[in-house]
Amino acid sequence: MRMDPPMGVAEIGNIHWGPLIQQKPATTEALYLTALYLFDALGYRRFEWKCNNANEPSKRAALRYGFVFEGVFRKHLVAKGQNRDTAWYAMTDDDWKVAKPAFEAWLDPGNFEADGRQIKRLEEFRKP
């Protein structure tokens, strides 16, 4: 959504994962590949996730992927003629050191049953 190469910051946003891709390994893999490129290839310091504070599924997704909640910008935007509070999340290069191996372990085919169901949740791989 927004990239600031001199500062090493990129933002993801305005994502709509429809029913065909929701809760599928492909969504997690897409986020992993984006973070991998930003942190490992480009050397970025910060990956941001911003969403409508009323969008509970998006906020849960940010936390699931390893983003850290940083706060709410009240009346940050006007969207569809209404004030919108924006929840801010970020993953830094330090967070990536924990998130990357968790993503890789979660995405391993051995973490899935024959019917495609996960064995361990992504969050479990980040626990010490």
Side chains of K59 and N52 only: does a donor on one sit below 3.5 Å from an acceptor on the other? no
Could you state the interatomic distance from SG (C51) to CD1 (I12), rounded to the nearest 0.5 Å? 11.5 Å
Just checking D94: does its CG atom have more than 12 heavy atoms from other residues, nucleotides or ligands closer to it than 6.0 angstrom? yes
Would you please name every residue forming a side-chain contact (heavy atoms from CB on, under 4.5 Å) with K75, sequence neighbours left out? N83, D85
Listed partners of R84 passing salt bridge (charged side-chain N to carboxylate O under 4.0 Å, His left out), at least two apart: none
Could you tell me if the side chain of F47 sits less than 4.5 Å from the side chain of T34, heavy atoms only? yes
Ignoring hydrogens and angles, write down the donor-acceptor pairs under 3.5 Å from the side chains of residues 25-33, residues two or more places apart or on other chains.
{"from": "T27", "atom 1": "OG1", "to": "K24", "atom 2": "O", "distance (Å)": "2.8"}
{"from": "T28", "atom 1": "OG1", "to": "R64", "atom 2": "NH1", "distance (Å)": "2.9"}
{"from": "T28", "atom 1": "OG1", "to": "R64", "atom 2": "NH2", "distance (Å)": "3.3"}
{"from": "Y32", "atom 1": "OH", "to": "E104", "atom 2": "OE2", "distance (Å)": "2.6"}

Using only heavy-atom distances, determine whether the side chains of Q118 and W106 contain a donor-acceptor pair under 3.5 Å. yes
Restricting to non-hydrogen atoms, name the atom on P101 and the atom on V98 that form the minimum distance, rounded to 0.1 Å. CD-O, 3.4 Å
pair D93-Y44: side-chain heavy atoms closer than 4.5 Å: no
Value rounded to 0.5 Å, distance of OG1 in T86 from CG in N55: 11.0 Å
Check whether any side-chain heavy atom of D40 lies under 4.5 Å from a side-chain heavy atom of K100, and answer yes or no. yes
As an exercise, state the distance from CD of Q82 to CG of L77, rounded to the nearest 0.5 Å. 13.0 Å
Does CZ in F69 sit with more than 12 non-hydrogen atoms of other residues, nucleotides or ligands closer than 6.0 Å? yes
Is there a side-chain contact between N111 and P109, using heavy atoms and a 4.5 Å cut-off? no
Flag side-chain contact, heavy atom, 4.5 Å: L63 against Y89: yes
Taking M7's backbone N and O only, do any of them form a donor-acceptor pair with R45's side chain (distance below 3.5 Å, no angle check)? yes
Do you reckon M3 sits in the same ILVMFWY cluster as F39, going by side-chain contacts under 4.5 Å, direct or chained? yes
What's the shortest heavy-atom distance between A87 and N53, and which atoms? CB-OD1, 3.6 Å
Any link between L38 and W88 through a network of hydrophobic side chains (Ile, Leu, Val, Met, Phe, Trp, Tyr) touching at under 4.5 Å? no
Please determine whether residues V9 and W96 belong to a single hydrophobic cluster, defined as Ile, Leu, Val, Met, Phe, Trp and Tyr linked transitively by side-chain heavy-atom distances below 4.5 Å. no
Would you call the rings of F103 and Y65 parallel, tilted or perpendicular if under 30° counts as parallel and over 60° as perpendicular? parallel
Worked verdict on I15 versus M1 for side-chain contact (heavy atoms from CB on, under 4.5 Å): CA-CA 9 Å; I15 298 170; M1 186 169 179; over 6 Å; no
Do the charged groups of R2 and E48 touch, with an N to O distance under 4.0 Å? yes
Is it true that the NZ or CZ of K120 lies under 6.0 Å from the centre of F125's six-membered ring and within 45 degrees of the ring axis? yes
Could you go through M91 and V68, starting from their C-alpha distance and side-chain angles, then the distance that decides it, and tell me whether this counts as side-chain contact (heavy atoms from CB on, under 4.5 Å)? CA-CA 6 Å; M91 180 185 299; V68 176; over 6 Å; no
Give the cluster check for W49 versus V72: same hydrophobic cluster or not, with ILVMFWY residues linked at side-chain heavy-atom distances below 4.5 Å. yes
